[in-house]
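Position 1 is the first residue of the sequence, and the numbers go up from there.
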Amino acid sequence: MGGGLLVAGTTSDAGKSVVTAGICRWLVRRGVKVAPFKAQNMSLNSFVTREGAEIGRAQAMQAQAARVEPTALMNPVLLKPGSDRSSQVVLMGRPVGEMSARGYHGGRQETLLGTVTDCLEQLRSSYDAVICEGAGSPAEINLRRTDIVNMGIARAAKFPVLVVGDIDRGGVFASFFGTTALLSAEDQSLVAGYLVNKFRGDVSLLEPGLDMLYGLTGRRTYGVLPFTHGLGIDEEDGLRVSMRGAVRESVVAPPHGEEVLRVAVCAVPLMSNFTDVDALAAEPGVVVRFVDRADELADADLVVVPGTRGTVKALAWLRERGLADALVRRAAEGRPVLGICGGFQVLGERIEDEVESRAGVVDGLGLLPVRVRFDRAKTLARPVGSALGEPVEGYEIHHGVADVRGGEPFLDGCRVGAVWGTHWHGSLESDGFRRRFLVEVARAAGRRFVPAPDTSFGVLREEQLDRLGDLVEEHADTDALWRLIEGGAPSGLPFVPPGAPPAVAGAAENRGAAPDPAHQSPEGLDFAGSAGLGQVAEHHVDQEAK
């Protein structure tokens, strides 16, 4: 059975995803067969595996860091928010229905522990090591009873826990101490120590604080990772994108031609798979920014309307902000617009939606001769084709079925003038196609922009992943990390008072092992008399509950 480690965080966005990827890359470079794992992920950025399963895109990136093919085993539960109060539940790569936060945390989440531990055990039987990523914070005591992604999975697998803290936010010592002190004694016994992320300055000035933290908790710090620009790859949630910032702190290289090309991405509600524009931002001379005002489209050479989990909601948002009128004017003027997935649907003539928004028939922007009907079945595919004379690969994740009634064929969608639309995510990662597309955009925009002939998105991604591996190898105690992965948490770790409240600690104690598989359904779910999966798939459950 393979060893493992759970990378937890003091907060969301502490750096768990990139640290997990960095550890995976460090391990595979030293000859360890390693796999990533996240029991439950909440994200609007997802990916389709070769077997047609939908998983979090962060886990696909971590699999690439580990140099293995991503599978549904690496992210058995994916939650895709559809509003502030409900999410689509994707189980083992397939959607099984909508559920409110109260409905999910009210018992349905706990029944999934057997499923996620089974997936983890399958990975452990095939790999030397499994590096798990937690979610949020392990000290969310209000959710500990039903936790399957932090201490719940660590207890079930008996994995040591490394807690990551973002020192750039401040308060990292209090966060490390408080996270530990709010856990039950049983959970604390697995918290092996800490990893400081995003440190700026002289590490020697930090060391006295690390020594005091050890004195307070009996737990060492396994490394201090420096603040490094440009490592925010394949983030989990597009909702936190800075509206006026460059794509994940990307530094724009000088243009290969005479002029730069400016790309504006409409930051629509419930934006999904905004990673589609990463390949554009990787091109020298291409400036990508996210926008939410009509006047910000004025100087854009290309406007991208990205994917969304709420197509009708995104369409209404575009109209409310004047962005819809600006897009219509652009199309009339022959200025480039690209719609991807939900963005493609918005550009069509009509949307018939009795599934996602249940709004019925809604008029689209009418820029493409396309009519879209939402189907309850989700399309999950890895298409391969060609466009603009170049081979293209992509992936599809959508409920909308497009009836293309004219225009010039473009992947699975169409093109009319300088307006393009497709359901294919990831198509811009195909280097030859991306270059030809940018040539078309530059011509239509009247820009003297020339794409660099040698930009390889795949090579750039590998370089980023190697940089993550370098950070771990150069700034963490890798020998000590390997001992954790191979041998588990050190014995005799002291208890840090006060510990979890009695009720929470008791509940955690009762959940030290996975549920009896005999009491699970074949999918690992038994809703014990509540709405089953078939019923959940037919209607939203308790949507108005928080």
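Between Glu429 and Arg434, no side-chain nitrogen of the basic residue sits less than 4.0 Å from a carboxylate oxygen of the acidic one, so the salt-bridge criterion is not met. Taking the charged nitrogens against the carboxylate oxygens, Glu54 and Arg382 have no contact shorter than 4.0 Å, which rules out a salt bridge. The pair Arg289-Glu296 does not meet the salt-bridge criterion, since no charged nitrogen lies less than 4.0 angstrom from a carboxylate oxygen. Using a 4.0 Å cut-off between charged nitrogen and carboxylate oxygen, Arg155 and Glu186 do not count as a salt-bridge pair. The existence of a salt bridge linking Asp470 and Arg25 is excluded, since no basic side-chain nitrogen approaches an acidic carboxylate oxygen closer than 4.0 Å.
The closest side-chain donor-acceptor pair between Thr275 and Arg57 falls under 3.5 angstrom. Between the side chains of Ser204 and Asp202, at least one donor-acceptor pair of N or O atoms lies under 3.5 Å. Looking only at atom types and distance, the side chain of Lys38 has no donor-acceptor partner in the side chain of Gln62 under 3.5 Å away. Counting only N and O atoms by type, the side chains of Glu133 and Ser17 include a donor and acceptor under 3.5 Å apart. Residues Lys80 and Ser46 have side chains that bring a donor and an acceptor to within less than 3.5 angstrom of each other.
Leu484 approaches Pro490 most closely through the heavy-atom pair CD2-CD, 3.7 Å. Between Ile141 and Leu182, the shortest heavy-atom contact is CG2-O, 3.6 Å. Across all non-hydrogen atoms, the minimal contact from Ala192 to Pro160 is CB-CB, 4.4 Å. Val268 approaches Ala314 most closely through the heavy-atom pair CB-CB, 3.9 Å. Taking each heavy atom of Leu27 and Ala129 in turn, the nearest pair found is CD1-CB, 4.5 Å. The nearest pair of heavy atoms linking Val116 to Ile153 is CG2-CD1, 3.9 Å.
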Open item on the list: Show, in sequence, the C-alpha distance, side-chain angles and deciding distance for Tyr194 and Thr180, and conclude whether the side chain to side chain donor-acceptor pair (under 3.5 Å) test is met.
Closed with: CA-CA 10 Å; Tyr194 314 110; Thr180 309; 2.8 Å; yes
TODO: Starting from the C-alpha separation in whole Å, work towards a yes-or-no answer on side-chain contact (heavy atoms from CB on, under 4.5 Å) for Val32 and Trp482.
DONE: CA-CA 10 Å; Val32 177; Trp482 178 246; 4.1 Å; yes
- [ ] Could you walk me through whether Leu79 and Asn41 pass side-chain contact (heavy atoms from CB on, under 4.5 Å), step by step?
- [x] CA-CA 6 Å; Leu79 305 177; Asn41 196 353; over 6 Å; no
Task: Val34 and Cys24: CA distance, side-chain angles, deciding distance, side-chain contact (heavy atoms from CB on, under 4.5 Å) verdict - done: CA-CA 6 Å; Val34 59; Cys24 286; 4.2 Å; yes
TODO: Applying side-chain contact (heavy atoms from CB on, under 4.5 Å), run through Leu380 and Ile397 and close with a yes or a no.
DONE: CA-CA 5 Å; Leu380 297 170; Ile397 307 169; 3.9 Å; yes
- [ ] Check the pair Arg145 / Glu140 against salt bridge (charged side-chain N to carboxylate O under 4.0 Å, His left out), numbers first and verdict last.
- [x] CA-CA 10 Å; Arg145 182 182 64 81; Glu140 292 168 354; over 6 Å; no
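Leu6 has its side chain out of reach of Leu162: every pair of non-hydrogen atoms, C-beta onward, lies at least 4.5 Å apart. Taking the side chain as every heavy atom from C-beta outward, Leu91 and Leu112 approach each other to under 4.5 Å. Between Phe227 and Asn197 there is no side-chain heavy-atom pair separated by less than 4.5 Å. Side-chain contact between Thr10 and Val163: present, with at least one pair of heavy atoms (C-beta onward) separated by less than 4.5 Å. The shortest side-chain heavy-atom distance between Val130 and Leu5 does not fall under the 4.5 Å cut-off. When side chains are defined from C-beta on, Glu69 does not count as touching Thr49, because their heavy atoms never get closer than 4.5 Å. Residues Leu206 and Ile167 are in side-chain contact: their nearest non-hydrogen atoms beyond the backbone lie under 4.5 Å apart. Side-chain atoms of Leu428 and Val277, non-hydrogen and from C-beta on, never get closer than 4.5 Å to each other.
Rounding to the nearest 0.5 angstrom, the gap separating the CZ atom in Arg461 from the CG atom in Leu465 is 6.0 Å. Note that OH of Tyr214 and CD of Glu207 are 15.5 Å apart. Values are rounded to the nearest 0.5 Å. Rounding to the nearest 0.5 angstrom, the gap separating the CG atom in Asn150 from the CG atom in Leu183 is 9.5 Å. Taken to the nearest 0.5 Å, the CZ atom of Arg124 stands 11.0 Å off from the OG1 atom of Thr117. Between the CZ atom of Phe495 and the OG atom of Ser184 there is a distance of 8.0 Å, given to the nearest 0.5 Å. In this structure, OG1 on Thr20 lies 10.5 Å from CG on Leu468, to the nearest 0.5 angstrom.
Counting only distance, with no hydrogens or angles, the side chain of Glu283 and the backbone of Leu280 share no donor-acceptor pair below 3.5 Å. Under the 3.5 Å distance criterion, the side-chain polar atoms of Arg200 are left unmatched by any main-chain donor or acceptor of Asp168. A donor-acceptor pair under 3.5 Å is absent between the side-chain atoms of Gln122 and the main chain of Leu73, judged by distance alone. Looking at Asn142, its side chain never comes within 3.5 Å of a backbone N or O of Arg144 through a donor-acceptor pair. When atom types are taken as modelled, the side chain of Asn45 and the backbone of Ser272 share no donor-acceptor pair closer than 3.5 angstrom. Panel note: side chain Arg219, backbone Pro494; a donor-acceptor pair is recorded below 3.5 Å. Under the 3.5 Å distance criterion, the side-chain polar atoms of Thr228 are matched with a main-chain donor or acceptor of Pro226. No side-chain donor-acceptor contact under 3.5 Å links Ser87 to the backbone of Val89. With hydrogens and angles disregarded, a donor-acceptor distance shorter than 3.5 Å links the side chain of Asp276 to the backbone of Gly426. Checked by atom type and distance alone, the side chain of Asp147 pairs as donor or acceptor with a backbone atom of Gly152 at under 3.5 Å.
When Thr217, Val196, Leu195 are each tested for a side chain to side chain contact (heavy atoms under 4.5 Å, CB included) with Phe176, only one passes: Val196.
The distance between the ring centers of Tyr395 and Phe47 falls below 6.0 angstrom.
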